[in-house]
Amino acid sequence: MTVLTTPRTHTVRRRDRRTGRFVKTFTLTYSDKDGTHTRRLPARGIETVGRIISRHAERGEAWDIAVHDSSGDVTFDFACFT
């Protein structure tokens, strides 16, 4: 089994279909057996991926889950983590 020592970063930049403006993104960070993962996603993406990560956490397969806003503060605004 290969253990990664550097964090993986996945970035997705989204535009609002109606306005063409970029949507506010958040940073989701979590750890699992493969290392630390970081994803920059819009709020809708955080809810989608967050549900999956929450299920993994319930089984003990993911931990150290945090969502940060653009200023770096931890935010608790997502229902998938309550």
Side-chain angles (χ1 to χ4, degrees):
M1 180 171 106
T2 303
V3 177
L4 300 174
T5 56
T6 57
R8 294 182 185 176
T9 303
H10 308 277
T11 303
V12 178
R13 293 195 68 186
R14 307 273 172 147
R15 290 184 182 258
D16 185 293
R17 290 182 182 173
R18 290 177 291 141
T19 65
R21 294 181 183 167
F22 284 106
V23 177
K24 181 179 177 181
T25 58
F26 297 88
T27 304
L28 169 66
T29 306
Y30 65 95
S31 298
D32 64 10
K33 63 181 174 74
D34 295 326
T36 301
H37 305 275
T38 303
R39 294 179 154 240
R40 290 185 48 86
L41 299 164
R44 187 176 197 171
I46 295 291
E47 288 288 350
T48 302
V49 175
R51 275 188 234 108
I52 296 166
I53 301 302
S54 289
R55 282 189 228 132
H56 285 270
E58 289 171 1
R59 295 190 303 244
E61 298 173 358
W63 50 90
D64 295 334
I65 302 167
V67 178
H68 300 270
D69 60 16
S70 59
S71 64
D73 296 328
V74 175
T75 181
F76 299 98
D77 296 340
F78 296 97
C80 61
F81 297 115
T82 58

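Each residue takes its place number in the sequence, starting with 1. Worth knowing before you read on, the calculation uses all heavy atoms, side chains too, and leaves out hydrogens, waters and symmetry mates. All values derive from a computational prediction rather than experimental measurement.
Distance alone, capped at 3.5 Å, is enough to place a donor-acceptor pair between the E47 side chain and the A79 backbone. For S54 (side chain) and C80 (main-chain N/O), a donor-acceptor pair under 3.5 Å exists by modelled atom type.
Applying the 6.0 Å contact sphere to CZ of R44 captures no more than 12 heavy atoms from other residues, nucleotides or ligands.
Taking each heavy atom of A57 and I65 in turn, the nearest pair found is CB-CD1, 3.8 Å. The minimum heavy-atom distance linking H37 with D32 is given by the pair NE2-OD1, 2.9 Å. Annotation for D69 and T75: closest pair N-CG2, 4.4 Å, computed over non-hydrogen atoms. In this structure, H68 and G72 approach most closely via the heavy-atom pair ND1-O, 3.1 Å.
One distance of note links CZ of F26 with CD1 of I46; it measures 7.5 Å at 0.5 Å rounding. For the atom pair CH2 (W63) and NZ (K33), the distance works out to 9.0 Å, reported to the nearest 0.5 Å. The line from CZ of F78 to CG of L28 is 9.0 Å long, rounded to the nearest 0.5 Å. Taking OG1 from T29 and CZ from R40, the interatomic distance works out to 10.0 Å, rounded to the nearest 0.5 Å.
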